[in-house]
Novice: 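Got a structure for you, written out below as structure tokens; questions coming shortly.
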Amino acid sequence: MKIAIGCDHGGIVLKKACIEKITELGYEYEDYGTYSEERVDYPLYAQKVSEAIISGKCDKGILLCGTGIGIGIAANKFKGIRCAHVTDAFCAKMAAEHNDANIISMGGRITSEEEAKEYIGIFFGSRFAGGRHAERVEMIKEIEKGKRLKETKENTEEMNITVVNHPLIVHKVSLMRDKNTVPKDFRELLKEISLLMAYEVTRDLPLVDVEIETPICKCTSKTLGGRSIGVVPILRAGLGMVDGVLELVPTAKIGHIGCYRDPDTHMPVEYYCKLPVDAEERTIIVVDPMLATGGSAIMAIDFIKQRGVKDIKFMCLVAAPEGVKALNKAHPDVPIYAAALDEKLNDHAYIVPGLGDAGDRLFGTK
Ligand code: RB5
């Protein structure tokens, strides 16, 4: 780990003690100044340290001024910085465990050298707890993106969904939402996103030990073992997600399923289903770009389960809260992965803002 450290004249004495502690902990550091007691402006040093972290040159940071307040406020103006003003051991621990802070700020006029060293040891020795705290950090990131948080957490709290919001995916989803994106580009984008999402969906694939010999020596290493993958697109729009997954998992077998709800009887009707012969021994990833009401996903998974398949995941591009809740309720054992969780369904059961009818946009049928 490499630590960026910076201060103004109010923190210069404390900086020396902090560097001693960093060295004692065995970390590397980069000292961004100031280097004398001459009066300087703390925002500049907040900028140097924040930029070192945002650029990836350093992993975490320490900022010092008279109180630790001003330099911390300045650092928090930088996107991606979570600077915690630390004044006691408990705050040092919580800054790491609850806030995933990447900088701590302390005050040379309020914190002794011994205290600062103690807080540094605690902060860098503690790990982010994730879980509900990760959700809150995500909310901070949403604010950074200029989004307004909803008053209630109703839409996320009751839902069991993994939103794969890697910047590359978020960018590509935005391109797909644009109504001017032509079918050729729409298809390519859907394929690319499916490939990127498959990386996350397959994150828990089991590994087994293998003995191998490198050019240097024999060793035990890991390879994929256990369950194989099957991909089942829900016809027809799901077809657009198959090639992306296949690019990442070329050995996956492909099934197909088509179903609809009979308008008169309201009963689910399966009009096509062909699964790999050993489907029940595979992890089946059911794919469909849009999870709107959840109707077709629920039906498709019902039919797939009737064939004895137990290990099922559902992967879509854009989900509506209504569909997520319905699918969670009908199949609580099926994890849902989406590239975006949108606001709601409109009166015509289209996802808002969504991207329109994925099937039509994929195949140019409208
Ligand atoms: C400088 O006198 C002082 O204002 C500064 O070090 C810091 O305490 C600001 O918050």
Novice: Would you indicate whether the side-chain heavy atoms of Asp302 and His331 approach each other to under 4.5 Å?
Specialist: yes
Novice: Contact between Ile5 and Cys18 at the side-chain level, heavy atoms closer than 4.5 Å - yes or no?
Specialist: yes
Novice: Hey, quick one: are Ile234 and Met290 part of the same hydrophobic cluster, counting side-chain heavy atoms closer than 4.5 Å, chains of contacts allowed?
Specialist: no
Novice: Identify the heavy atoms of Ile257 and Ala300 that sit nearest to each other, and give their distance.
Specialist: CD1-O, 3.7 Å
Novice: Let me see the working for Glu138 and Asn165 under side chain to side chain contact (heavy atoms under 4.5 Å, CB included), right down to the final yes or no.
Specialist: CA-CA 10 Å; Glu138 284 307 314; Asn165 55 1; 3.8 Å; yes
Novice: Run the numbers on Arg187 and Met176 for side chain to side chain contact (heavy atoms under 4.5 Å, CB included), then give the verdict.
Specialist: CA-CA 9 Å; Arg187 271 195 297 275; Met176 291 188 74; over 6 Å; no
Novice: Which heavy-atom pair separates Glu113 from Val13 by the least distance, and what is that distance?
Specialist: OE2-CG1, 3.8 Å
Novice: Got a sec: does the CG of Asp41 have more than 12 other heavy atoms crowding it under 6.0 Å?
Specialist: no
Novice: Please name the pair of heavy atoms, one in His133 and one in Ala129, separated by the smallest distance, quoted to 0.1 Å.
Specialist: CD2-CB, 4.0 Å
Novice: Less than 4.5 Å apart, side chain to side chain, heavy atoms only: is that true for Met315 and Val245?
Specialist: yes
Novice: Would you say the side chain of Ile284 lies within less than 4.5 Å of the side chain of Lys313, judging by non-hydrogen atoms?
Specialist: no
Novice: Set out, in order, the CA-CA distance, both residues' side-chain angles and the distance that settles side chain to side chain donor-acceptor pair (under 3.5 Å) for Thr365 and Asp360, then state yes or no.
Specialist: CA-CA 5 Å; Thr365 41; Asp360 282 335; 2.5 Å; yes
Novice: What pairs with Lys21 under side-chain hydrogen bond (donor to acceptor under 3.5 Å, both in side chains), at least two apart in sequence or on another chain?
Specialist: Glu24
Novice: I'd like to check Ile254 versus His256 (side-chain heavy atoms, cut-off strictly below 4.5 Å). Are they in contact?
Specialist: yes
Novice: Following the transitive rule for hydrophobic clusters with a side-chain heavy-atom cut-off under 4.5 Å over Ile, Leu, Val, Met, Phe, Trp and Tyr, establish whether Tyr29 and Leu63 coincide in one cluster.
Specialist: no
Novice: About how many Å separate OG1 of Thr67 and CE of Met106, when rounded to the nearest 0.5 Å?
Specialist: 12.5 Å
Novice: Does a side chain donor of either Asp209 or Thr220 reach within less than 3.5 Å of an acceptor in the other side chain?
Specialist: no
Novice: Quick check on the hydrophobic clustering: are Leu345 and Val352 connected, directly or via other members, by side-chain heavy-atom contacts under 4.5 Å?
Specialist: no
Novice: So for atom CD, which belongs to Glu38, do other residues, nucleotides or ligands contribute more than 12 heavy atoms lying within a distance under 6.0 Å?
Specialist: no
Novice: Mind running side chain to side chain donor-acceptor pair (under 3.5 Å) on Asp8 and Thr34 for me, showing each step along the way?
Specialist: CA-CA 6 Å; Asp8 73 354; Thr34 187; over 6 Å; no
Novice: Give the minimum heavy-atom separation between Val269 and Met299, together with the two atoms involved.
Specialist: N-SD, 4.3 Å
Novice: Using 0.5 Å steps for rounding, measure from the CG atom of Leu291 to the CD1 atom of Ile351.
Specialist: 6.5 Å
Novice: Is the shortest side-chain N to carboxylate O distance from Glu51 to Lys57 below 4.0 Å?
Specialist: no
Novice: Is there a path of hydrophobic side-chain contacts, each under 4.5 Å between heavy atoms, that joins Met241 and Leu175?
Specialist: yes
Novice: Between Lys79 and Glu144, is the closest basic N to carboxylate O distance under 4.0 Å?
Specialist: no
Novice: State whether the number of non-hydrogen atoms from other residues, nucleotides or ligands found under 6.0 Å of Lys145 atom NZ is greater than 12.
Specialist: yes
Novice: Please list, chain by chain and in numerical order, all residues satisfying side-chain hydrogen bond (donor to acceptor under 3.5 Å, both in side chains) with Asp278, sequence neighbours excluded.
Specialist: Arg282
Novice: Quick one, His85 and Ile104 - any side-chain contact, counting heavy atoms below 4.5 Å?
Specialist: no
Novice: Working to the nearest 0.5 Å, report the span between CG of Asp333 and CD1 of Ile312.
Specialist: 7.0 Å
Novice: Do the charged groups of Glu270 and Arg307 touch, with an N to O distance under 4.0 Å?
Specialist: yes
Novice: Under a 4.5 Å cut-off applied to non-hydrogen side-chain atoms, are Asp342 and Arg177 in contact?
Specialist: yes
Novice: Does atom OH (Tyr35) have a neighbourhood of more than 12 heavy atoms from anything else shown, all under 6.0 Å?
Specialist: yes
Novice: Quick check for you: to the nearest 0.5 Å, what is the distance between Glu213 atom CD and Lys218 atom NZ?
Specialist: 5.5 Å
Novice: Under 3.5 Å, which donor-acceptor pairs do the side chains of residues 116-126 form with other protein atoms, sequence neighbours left out?
Specialist:
| residue | atom | partner | partner atom | Å |
| --- | --- | --- | --- | --- |
| Lys117 | NZ | Glu20 | OE1 | 2.8 |
| Tyr119 | OH | Thr87 | O | 3.3 |
| Ser126 | OG | Ile122 | O | 2.7 |

Novice: Is the shortest heavy-atom distance from the side chain of Arg127 to the side chain of Glu97 under 4.5 Å?
Specialist: no
Novice: Would you compute the distance between atom CG of Asp357 and atom NZ of Lys366 and round it to the nearest 0.5 angstrom?
Specialist: 6.0 Å
Novice: Does Ile3 belong to the same Ile/Leu/Val/Met/Phe/Trp/Tyr cluster as Ile71, with side-chain heavy atoms less than 4.5 Å apart forming each link?
Specialist: no
Novice: Locate the shortest heavy-atom distance separating Ile169 from Ala339; write the atom from each residue and the value.
Specialist: CG2-CB, 3.5 Å
